[in-house]
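Accompanying notes for the structure given below.
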Amino acid sequence: MKQLLLYCRSGFEKECAAEIQDKAGQFGVFGYCKLKANDAFIIFEAYDGAALERFFSDFPFSKLIFVRQWALVIGDWLELPAGDRVTPVLETLRSVEEGSEISSIGELRIEYPDTNDGKELSTLARKLTVPLRQSLRQAGLMLKKENLRAPVLHMFMQSGQKALLAVSYPENNNSLENGIRRLKFPSDAPSRSTLKLEEAFLEFIPRDEWDTRLASGMRAVDLGACPGGWTYQLVKRSMMVVSIDNGAMAESLMMTGQVKHYMVDGFKYKPEKKNVYWLVCDMIEKPQRVGQLICDWLINGWCQESIFNLKLPMKKRYETVQEVLAEMQQRFDEAGIKVKFQARHLFHDREEVTVHLCKA
Ligand SMILES: C[S@@+](CC[C@H](N)C(=O)[O-])C[C@H]1O[C@@H](n2cnc3c(N)ncnc32)[C@H](O)[C@@H]1O
């Protein structure tokens, strides 16, 4: 297999391409990307299929930022007649050489691009899933029972008539359908931004560590807090929060007694004591400036973990993120501090990425 199918947010195809070419290149895998603006997916074609497969299994998916999902492409785009969309899939899979991973498929996902046109395919995708799964099992192309440890078959529909098949491995892919974590907006939250921090917690902090890392009673600082969507997430977890912003905080949060609101500059505020665990920051500022501020907090021991956004209104978004993260790494190296980085373009992020830092 020589091609990777990669999903991203619509409008971020160039970032997705820059990222995969950079990471694959560092791994010694070279190729080129096929993409169209706003398609919400790209294809990376490698010159060497075996090298691509090695990269796909050995490079950690979690290190990718703009790529929502990746899968190795099987065959070419399929034409799907409206009356029988199953047969072309079975034929393609049968034509793949024996002994490949295809015969041990444990899960089927019928997916589509995250675009307005793509979303119209959701009903068709749902309707097609059961009959296709049954046919795959009858044909011996899929395990009899769903197995979330076995390879995943993605049928990526670009339209009702056109689809691409691809396979990914559960130990190194996005476990969510379409690579998207949908969350319900809590009706009492002061802003939709709240979903960004909720998604970041779900993405970056393993569930079985929430009791110690997102624990009640912890102290948190929220820079650029107003009207309070991120503070809401911290308050909901029974933390004590200092919220910094010149704007107005939602009254409902102030009433909880868990929030202190200071109308000061987030770049000048310093905590009174070294008892803050979480620093979160959603200030609209130059990403380099935010990166340096977060370094100050971790290096000075003013917080233990941080989640922050890097706003990316510029053209070279991938390059900017790489530069900022490299500058931060250099500061930590100079200070002799080991910090674990995770960064992702979350589903609820727009022109920004979310970064998580944790002292190792
Ligand atoms: C995107 S909004 C934050 C939304 C917030 N996270 C929420 O969930 O409701 C950005 C905020 O950063 C604040 N801000 C920008 N620069 C700041 C600075 N230097 N100091 C403090 N706040 C700042 C703005 O006033 C604005 O309220």
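We count ligands from 1, going down the list as the structure has it; atoms in each ligand are counted the same way.
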Could you check [atom] against the protein and tell me its nearest heavy-atom contact, residue, atom and distance included?
atom: atom 18 (C) of ligand 1; answer: Met283 SD, 3.3 Å
atom: atom 19 (N) of ligand 1; answer: Asp265 OD1, 2.9 Å
atom: atom 3 (C) of ligand 1; answer: Gly224 O, 3.2 Å
atom: atom 13 (C) of ligand 1; answer: Asp245 OD2, 3.1 Å

Quick one: does [X] get within less than 4.0 Å of ligand 1, heavy atoms only?
X: Glu285; value: no
X: Thr231; value: no
X: Pro227; value: yes
X: Gly228; value: yes

Any idea how [X] and [Y] line up, ring-wise: parallel (<30°), tilted (30 to 60°), or perpendicular (>60°)?
X: Phe332; Y: Phe341; result: perpendicular
X: Phe12; Y: Phe66; result: parallel
X: His154; Y: Tyr7; result: perpendicular

Any atoms of ligand 1 less than 4.0 Å from a non-hydrogen atom of [X]? List them with their elements.
X: Gly229; answer: 7 (C), 8 (O), 9 (O)
X: Ser191; answer: 7 (C), 8 (O), 9 (O)
X: Ser193; answer: 7 (C), 8 (O)

Any donor-acceptor N or O pair under 3.5 Å, side chains Gln26, Asp22:
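Yes.
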
Checking side-chain polar atoms at under 3.5 Å, does Asp296 have a donor or acceptor matched by the opposite partner on Gln292?
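Gln292 and Asp296 do not have a side-chain donor-acceptor pair below 3.5 Å.
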
Count the heavy atoms belonging to other residues, nucleotides or ligands that lie under 6.0 Å from NZ of Lys127, then report whether that count exceeds 12.
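Not more than 12 within 6.0 Å, no.
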
Please check if the number of heavy atoms outside Lys286 that lie under 6.0 Å from its NZ is greater than 12.
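No, because the 6.0 Å sphere around NZ of Lys286 holds 12 heavy atoms or fewer from other groups.
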
Salt bridge or not for Lys2 and Glu45, using N-O below 4.0 Å?
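Answer for the salt bridge query: no.
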
Ligand 1-proximal atoms of [X], by part, heavy-atom distance under 4.0 Å:
X: Val264; result: backbone
X: Ala225; result: backbone
X: Phe267; result: side chain

Could you please spell out the steps behind the salt bridge (Lys or Arg N to Asp or Glu O under 4.0 Å) verdict for Glu305 and Arg213?
CA-CA 9 Å; Glu305 292 200 45; Arg213 295 172 65 190; 2.8 Å; yes

For atom 1 (C) of ligand 1, state which one of Val290, Thr194, Asp282, Asn309 supplies the nearest heavy atom.
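Checking each option, the heavy atom nearest atom 1 (C) of ligand 1 is found in Asp282.
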
Tell me which one of Ala248, Gly266, Ser243, Cys281 gets a heavy atom nearest to atom 20 (N) of ligand 1.
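Among Ala248, Gly266, Ser243, Cys281, the closest heavy atom to atom 20 (N) of ligand 1 belongs to Gly266.
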
For His348, the option from Arg192, Lys196, Glu199 that meets side chain to side chain donor-acceptor pair (under 3.5 Å)
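The side chain to side chain donor-acceptor pair (under 3.5 Å) with His348 is passed solely by Glu199 among Arg192, Lys196, Glu199.
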
